[in-house]
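Indexing begins at 1, ligand by ligand and atom by atom, following the structure's order. Please read all numbers here as calculations on a predicted model, not as lab measurements.
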Amino acid sequence: MDKKILREKVLQKRADLSPKSIIEYSDIIAEKLYKMDSYKEAKTIMSFISFDSEVNTHEIIKRSISHNKSIVVPITIPKTKELKVSEVLDFSELELGYYNILTPKKEYIRFIDPSTIDLILVPGVVFARNGYRVGYGGGYYDRFLSKFEKKVDKIGLAFDLQVTDEVPTDSFDIPVDLIITEKEIINCLKK
Ligand SMILES: Nc1nc2c(c(=O)[nH]1)N(C=O)[C@@H](CNc1ccc(C(=O)N[C@@H](CCC(=O)O)C(=O)O)cc1)CN2
Ligand SMILES: Nc1ncnc2c1ncn2[C@@H]1O[C@H](COP(=O)(O)OP(=O)(O)OP(=O)(O)O)[C@@H](O)[C@H]1O
């Protein structure tokens with residue numbers, strides 16, 4: 001199945017989740033994340049800001065800020081399909097931006113050097129158990145992750161219905177190390 005068809009299929013399934021299930025599952029996923037060494041040890045965490053029926057990261061962002069983590073979020077540059085990263089000090093600094101995704105208001109943009117990031121929470125529409133993912137098709141994360149010289153921890157957050165055995169991959173795709181769902185923690189590096 002090609003990426004586009006798979007993306008549409010899973011987006012439809014995900015859209016059927018009730019708001020109540022999204023909150024319940026997202027809370028379970030967040031609690032699993034907080035228990036992980038890679039989260040506890042991370043000083044600077046890059047998180048996507050969830051929209052639509054994605055795993056909700058708003059509480060993760062607020063909680064991490066209150067636990068003195070440095071939280072950075074992606075800013076999309078649609079023209080070049082590039083991501084820049086900016087530090088958020090309070091959730092109220094965000095407003096709706098491109099694609100209806102929350103983004104820092106202009107006056108609160110504080111660009112940071114991506115090499116300071118210890119942990120990246122990666123969004124996705126479909127995840128394979130080997131860590132490869134299909135996103136919304138912008139190639140934003142693939143382009144962004146390809147620029148890291150040293151290894152950075154990458155955790156995908158997804159509902160169980162978004163996980164499959166395999167997804168089509170291209171040469172530019174960069175897999176995550178771990179996927180957290182409401183049902184399990186998948187170690188993608190283990191064969
Ligand atoms: N929460 C969150 N933030 C994120 C991502 C994500 O997947 N989730 N992204 C992950 O990369 C980037 C944004 N990527 C996106 C790319 C396309 C569309 C989208 O809805 N595209 C429409 C066309 C919209 C248009 O072109 O105006 C479509 O495909 O129908 C959304 C997000 C950066 N920030
Ligand atoms: N490292 C890269 N350099 C240049 N172009 C890239 C790179 N990675 C991906 N692309 C381009 O981005 C486009 C979208 O890729 P793909 O369909 O895999 O996106 P996606 O993983 O679904 O999206 P996202 O990463 O935004 O969640 C492709 O046409 C691809 O050519």
Side-chain angles (χ1 to χ4, degrees), residues 1-15 17 19 22-23 25-26 29-30 33 45-62 64 71-88 91 93-105 108-109 111-112 114 117 119-149 151-152 154-159 161-164 166-177 179-181 188:
M1 203 184 307
D2 81 10
K3 280 191 181 179
K4 217 174 143 200
I5 297 172
L6 187 61
R7 178 183 295 126
E8 292 309 318
K9 209 183 97 178
V10 176
L11 276 177
Q12 272 182 22
K13 269 208 284 180
R14 200 182 66 182
L17 284 173
I22 292 182
I23 293 172
Y25 297 163
S26 297
I29 291 166
L33 174 69
I45 300 172
M46 173 174 174
S47 176
F48 62 101
I49 312 171
S50 60
F51 77 118
D52 199 28
S53 55
E54 290 182 317
V55 171
N56 192 301
T57 60
H58 298 191
E59 290 309 315
I60 294 174
I61 292 169
K62 291 174 196 167
S64 301
I71 284 289
V72 302
V73 297
I75 293 185
T76 48
I77 318 289
K79 212 171 160 183
T80 52
K81 294 273 187 333
E82 262 179 306
L83 289 185
K84 291 196 169 192
V85 274
S86 178
E87 187 178 18
V88 184
F91 205 81
E93 295 177 353
L94 307 174
E95 66 178 5
L96 281 181
Y98 288 115
Y99 309 116
N100 251 336
I101 299 177
L102 287 167
T103 190
K105 294 176 190 163
Y108 297 119
I109 292 181
F111 287 123
I112 65 116
I117 299 170
L119 170 65
I120 304 181
L121 303 179
V122 182
V125 177
V126 195
F127 285 90
R129 303 186 73 88
N130 61 5
Y132 282 87
R133 49 180 280 286
V134 177
Y136 280 92
Y140 281 102
Y141 272 85
D142 292 321
R143 227 173 258 111
F144 178 74
L145 295 173
S146 73
K147 286 194 235 147
F148 281 81
E149 276 165 30
K151 169 98 182 65
V152 59
K154 298 178 280 294
I155 300 183
L157 304 183
F159 299 119
L161 65 82
Q162 295 172 257
V163 179
T164 71
E166 275 185 73
V167 298
T169 56
D170 292 299
S171 58
F172 50 76
D173 288 327
I174 298 184
V176 297
D177 308 305
I179 303 163
I180 306 181
T181 79
C188 307

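For Lys9, the NZ atom is loosely surrounded, since the number of other residues' heavy atoms within 6.0 Å does not exceed 12.
Scanning the protein for heavy atoms near atom 19 (O) of ligand 2, the closest one is Gly139 N, 3.2 Å. Nearest protein heavy-atom neighbour of atom 26 (O) of ligand 2: Tyr140 N, 2.9 Å. Protein heavy atom at the shortest distance from atom 9 (N) of ligand 1 is Tyr141 CE1, 3.8 Å. Looking only at heavy atoms of the protein, atom 5 (C) of ligand 1 is closest to Pro123 CG, 4.0 Å. The single protein non-hydrogen atom nearest to atom 7 (O) of ligand 1 is Tyr136 CD1, 3.3 Å, given as residue, atom name and distance. Closest to atom 25 (O) of ligand 2 among all protein heavy atoms lies Tyr141 N, 3.0 Å. If you check which protein heavy atom lies closest to atom 3 (N) of ligand 1, you get Ile101 CD1, 3.5 Å. Tyr140 CD1, 3.4 Å is the protein heavy atom nearest to atom 14 (N) of ligand 1. When only non-hydrogen protein atoms are considered, atom 33 (C) of ligand 1 lies nearest to Thr76 CG2, 3.3 Å.
When non-hydrogen atoms are compared, ligand 2 lies under 4.0 Å from neither the backbone nor the side chain of Val125. Of all the heavy atoms of Leu83, the ones lying under 4.0 Å from any atom of ligand 1 belong exclusively to the side chain.
Asn100 and Phe51 get closest at one heavy-atom pair: O-CB, 3.9 Å. Closest approach of Gly137 and Arg7 over heavy atoms only: CA-NH2, 3.2 Å.
Counting protein heavy atoms under 4.0 angstrom from atom 16 (C) of ligand 1 gives one or more. Within a 4.0 Å radius of atom 29 (O) of ligand 2, the protein contributes no heavy atom. Shown here, atom 22 (C) of ligand 1 is out of close reach of the protein: none of its heavy atoms lies under 4.0 Å off. For atom 28 (C) of ligand 1, the nearest protein heavy atom lies 4.0 Å away or farther.
Classified by interplanar angle (parallel below 30°, tilted 30° to 60°, perpendicular above 60°), the ring pair Tyr140/Tyr99 is perpendicular.
Evaluated by nearest non-hydrogen atom to atom 17 (O) of ligand 2, the leading choice among Arg143, Lys4, Arg7 is Arg7. Of all the listed residues (Lys147, Lys3, Arg133), Lys3 holds the heavy atom that lies closest to atom 18 (O) of ligand 2. The option with the heavy atom closest to atom 2 (C) of ligand 1, from among Arg7, Glu54, Lys4, is Glu54. The heavy atom nearest to atom 24 (C) of ligand 1, considering only Tyr99, Tyr98, Phe51, is found in Tyr99.
Not one N or O of Phe172 is nearer than 3.5 Å to an N or O of ligand 2, by distance alone. At least one N/O-N/O distance between Ile49 and ligand 1 falls below 3.5 Å.
Residue contacts with ligand 2: Lys81 is excluded, as none of its non-hydrogen atoms falls under 4.0 Å. Asp173 counts as a contact of ligand 2, since one of its heavy atoms falls under 4.0 Å from the ligand.
Salt-bridge formation is detected for the pair Lys3/Asp173: a Lys NZ or Arg NE/NH1/NH2 atom is positioned less than 4.0 Å from an Asp or Glu carboxylate oxygen.
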